Amino acid sequence: MTIRLHDTATRQLRELDPVIPGHVGIYHCGLTVQGPPHIGHIRKEVVFDVLRRWLERAGYDVTIVANVTDIDDKILAKGEEQGRPWFAVAYENERALHAAYEVLGCRPPTYEPRATGHVPEMIEMMQTLIEKGHAYAADDGSGDVYFDVRSWPSYGELSNQKVDDMLPAPDAPPEGKRDPRDFALWKGHKDGDPESASWPTPWGRGRPGWHLECSAMAAKYLGHEFDIHGGGLDLRFPHHENELAQSRAAGQPFARLWMHNAMLNLGGSKMAKSVGNTLMVSEVVKRVPAPALRYYLAAAHYRSIIEFSEEALAEAATAYERIEGFVRRAVALTGPVEPGEVTLPFAHAMDDDLSVPAALAEVHRVVAEGNRLVTENDVEGLRLALASVRAMLDVLGVDPLSAHWAQSSGGDDRTHEALGTLVEALLEQRQEARANKDFATADRARDQLAAAGVEIEDTAQGPRWKVLDN
RNA sequence: GGUGGGUUGGCCGAGAGGCGAGGCAACGGACUGCAAAUCCGUUUACACGGGUUCAAAUCCCGUACCCACCUCCA
């Protein structure tokens with residue numbers, strides 16, 4: 001079984017060919033923690049969480065490293081604006097990011113290094129680059145260190161651009177630069193900046209430029225050559241281009257394959273704080289169940305733009321409910337069934353550049369088949385179908401019976417038990433009334449339960465109930 | 001100006017030369033006391049204009065529009 005993934009660098013599907021057989025090392029760019037995560041940010045997390053789950057199911061040992069950029073211009077500005085230390089802003093938003101992982105069932109990365117914790121590694125890398133003639137300290141006394149774009153002939157290879165076609169990099173005043181397209185590896189300390197936002201280097205005090213941290217941290221935790229580098233498509237240039245240039249120029253082969261997820265748009269443009277069209281994860285999960293949001297974000301192919309709409313989100317929630325309904329119904333007949341094997345069409349779909357849409361079509365096919373087995377009361381067949389559906393849902397991270405989702409719904413056990421006793425009592429009364437053809441009483445019981453948010457479903461095995469999510 | 005990606009039915013969303021992915025919605029039927037859920041069935045497509053081909057949503061050329069990047073961005 002081979003997995004093929006779209007490689008941004010070569011713009012074609014390539015077979016996954018790990019540096020270490022049986023192991024996959026993935027680096028994907030985390031957030032600049034200048035604000036809480038919106039659903040566009042978390043789309044990336046869901047995409048890479050699904051990739052990880054699929055690789056693990058294929059038997060790979062997966063290491064995931066995702067950085068936290070905890071210092072940059074905006075974080076400093078926020079700190080200033082809010083009258084508190086920049087690191088307090090960064091840390092608060094980092095915690096919000098972790099909460100979003102948790103609420104959407106994204107397993108944390110193997111490690112999440114912070115930029116500010118890796119200054120020595122960055123200094124080392126700059127020294128190497130300067131020695132090799134690919135970087136230089138600005139001679140304008142700014143303390144900035146720049147990468148020399150002209151010294152690296154393959155600069156532009158990732159985004160397929162020629163240096164001459166590029167606009168100048170405005171990350172620093174151009175005075176100290178040899179070429180306006182040179183980018184900052186390191187930013188010298190400025191007078192207005194807090195002292196705590198600077199670290200000593202051979203070139204004076206200063207702070208990390210954005211791009212260098214990823215090169216330094218990927219090398220530290222994944223080695224000089226690793227398998228997959230990922231992130232949002234908007235990071236392809238300049239961020240990933242610069243990472244690639246730095247690392248290669250420093251003599252490291254770097255990532256073998258580049259994966260980029262498409263953006264999530266709202267109102268026709270990329271969800272972004274600067275546009276003001278953001279929807280926070282914490283807000284959206286109040287409107288739809290968290291696994292339904294995850295289903296929505298995972299259901300489109302990762303390289304397709306998602307144009308967010310409330311209607312589409314509601315549709316996804318309905319589709320997910322259909323699957324969840326089957327799982328509930330099935331497990332009531334079979335008793336506990338562990339996830340089994342995914343079906344062949346599902347596996348083929350996932351192996352083909354994570355074709356989740358095709359994989360979901362297969363889930364729905366097995367669900368429909370399973371629903372027929374429920375009607376036929378074929379418990380043995382149902383066990384197989386349920387095991388298979390659970391396995392497939394597990395890959396996508398939306399198995400309603402998984403420890404993660406099962407615990408997060410419907411309150412604690414004792415409350416649930418108490419509620420169950422009451423609901424069962426009402427259902428008994430309803431059954432009795434129905435037997436006596438007293439339908440007015442029977443419907444009243446159903447209405448009462450509905451008003452309380454409890455939905456009942458009549459099955460061949462008697463009525464079943466569930467608490468509606470929202 | 002440069003580099004990529006896109007435009008599919010009422011809606012979402014796959015596919016990438018021939019056989020109508022899937023979901024949601026709608027309609028009809030089965031089941032039901034009535035519903036809900038479920039099952040069975042039905043309907044509506046490939047931005048526009050040319051071309052290649054026995055055959056084009058799919059390949060080629062052109063046009064329009066949209067998105068992303070070349071500023072911070074998942």
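Below, chain A is the first sequence line, B the second, and so on; all start at residue 1. For clarity, every value in this text was computed on a predicted model and none was experimentally measured. The basis for the numbers below is simple: all heavy atoms, side chains too, and nothing from hydrogens, waters or symmetry mates.
At the phosphate of B:G4, OP1 or OP2 sits under 4.0 Å from a side-chain N or O atom of A:N160. When the side-chain nitrogen and oxygen atoms of A:R322 are compared with OP1 and OP2 of B:U38, one or more of them lie within a distance under 4.0 Å. Close to B:C69, at under 4.0 Å from its OP1 or OP2, lies a side-chain N or O of A:K270. Contact annotation: A:H41 reaches the phosphate of B:A74 (side-chain N/O to OP1 or OP2, under 4.0 Å). Here A:T318 does not reach the OP1 or OP2 of B:A25: none of its side-chain N or O atoms lies under 4.0 Å away. At the phosphate of B:A74, OP1 or OP2 sits under 4.0 Å from a side-chain N or O atom of A:T32.
At whole-Å resolution of the value, CG in A:N277 and P in B:A74 are 13 Å apart. One interatomic measurement links the two molecules: CH2 of A:W258 to P of B:U3, which rounds to 21 Å at whole-angstrom precision. Between the NZ atom of A:K187 and the C1' atom of B:U71 there is a distance of 11 Å, given to the nearest Å. Counting to the nearest Å, the C1' atom of B:G41 and the CZ atom of A:R372 are 13 Å from each other. In this structure, A:E112 places its CD atom 13 Å from P of B:A74, rounding to the nearest Å. The CE atom of A:M166 sits 13 Å away from the C1' atom of B:G4 (whole-angstrom rounding). Atom NZ of A:K162 is separated from atom C1' of B:C69 by 16 Å (rounded to the nearest Å). Atom-to-atom, CZ of A:F237 to P of B:U3 comes out at 14 Å; the value is rounded to the nearest Å.
Side-chain N/O atoms of A:R446 and base N/O atoms of B:C34 include a donor-acceptor pair closer than 3.5 Å. Residue side chain A:N265 does not reach the base of B:A68 through any donor-acceptor N/O pair under 3.5 Å, judged by distance alone. With hydrogens and angles ignored, no donor-acceptor pair under 3.5 angstrom links the side chain of A:R329 to the base of B:A37.
Considering only side-chain atoms of A:D458, the nucleotide from B:A36, B:G22, B:C11 that sits closest is B:A36. Nearest nucleotide to the side chain of A:N371, out of B:A74, B:U38, B:G33: B:U38. Comparing B:A14, B:C69, B:C34 by their nearest atom to the side chain of A:S304 picks out B:A14.
Remark: the separation of the C1' atoms in B:G20 and B:G29 is 23 Å, to the nearest Å. As rounded to the nearest Å, B:U58 and B:U7 have P atoms that lie 11 Å from one another. Of the P atoms belonging to B:C69 and B:G62, the separation is 26 Å, rounded to the nearest Å. Spacing between B:C11 and B:C40 at atom P, rounded to whole Å, works out to 26 Å. Atom name P, nucleotides B:G22 and B:A55: the rounded distance is 28 Å, in whole Å. Atom C1' of B:U52 sits at a distance of 11 Å from the matching atom of B:C61, rounded to the whole Å. With both ends at atom C1', the span from B:A37 to B:A30 equals 14 Å, rounded to whole Å. Comparing the P positions of B:C48 and B:A26 gives an interatomic distance of 29 Å, to the nearest angstrom.
Within 4.0 Å (heavy atoms only), A:A299 reaches no atom of the nucleic acid at all. Residue contacts for A:E457: at a heavy-atom cut-off of 4.0 Å it reaches a base atom on one of the strands shown. Residue contacts for A:R434: at a heavy-atom cut-off of 4.0 Å it reaches a base atom on one of the strands shown. At a threshold of 4.0 angstrom between heavy atoms, the contacts of A:S269 are confined to the sugar-phosphate backbone, with no base atom among them. Using a 4.0 Å heavy-atom criterion, one finds that A:L264 contacts the bases of the nucleic acid, with or without backbone contacts as well. Within the nucleic acid shown, A:G268 comes within 4.0 Å of sugar-phosphate atoms alone, with no base atom in reach, counting heavy atoms only. Heavy atoms of A:G325 sit nowhere under 4.0 angstrom from any nucleic acid atom. Counting non-hydrogen atoms under 4.0 angstrom, A:D443 reaches a base of the nucleic acid. A:N261 comes within 4.0 angstrom of a base, heavy atoms only. Contact annotation for A:S309: no contact, since no heavy-atom pair falls under 4.0 Å across all strands.
Nearest-nucleotide positions on RNA chain B place A:Q161 closer to the 5' end than the other of A:G30 and A:Q161. Residue A:H301 is the one, among A:V367 and A:H301, whose nearest nucleotide of RNA chain B lies closer to the 5' end (criterion: closest heavy atom).
Remark: the A:D72 side chain and the A:T32 side chain contain no N/O donor-acceptor pair separated by less than 3.5 Å. In summary, the side chains of A:Y101 and A:E112 do present a donor paired with an acceptor at a separation below 3.5 Å, with no hydrogens or angles considered. For the residue pair A:H118/A:Y221, the side-chain donor-acceptor check at 3.5 Å is satisfied. A donor and an acceptor atom, one from each side chain of A:H239 and A:E243, are located under 3.5 Å apart. Between the side chains of A:N371 and A:R329, a donor-acceptor pair is found at a separation under 3.5 Å.
Nearest approach of A:R150 to A:D182, heavy atoms of both residues: N-OD1, 4.4 Å.
A salt bridge between A:K177 and A:D148 is absent, with no side-chain N of the basic residue lying under 4.0 Å from a carboxylate O of the acidic one. Ion pairing between a basic and an acidic side chain is recognised when a charged N comes within 4.0 Å of a carboxylate O; A:R107 and A:D49 show no such pairing.
Checking B:C65 for Watson-Crick or G-U wobble geometry (two distances, each under 3.5 Å) identifies B:G6 as its partner. When Watson-Crick and G-U wobble pairs are counted only if both distances are under 3.5 Å, B:C59 pairs with B:G51. Nucleotide B:G33 forms a pair with no other nucleotide shown, judged by Watson-Crick or G-U wobble geometry with both contacts under 3.5 Å. Nucleotide B:C11 is matched to B:G23 when pairs are restricted to Watson-Crick or G-U wobble geometry with both distances under 3.5 angstrom. Across every strand in view, B:G28 sits in a pair with B:C40 that passes the Watson-Crick or G-U test at under 3.5 angstrom. Pair check for B:G1 finds B:C70; Watson-Crick or G-U wobble, both atom distances under 3.5 Å.
Without hydrogens or angle criteria, A:S355 side chain to A:D351 main chain gives no donor-acceptor distance under 3.5 Å.
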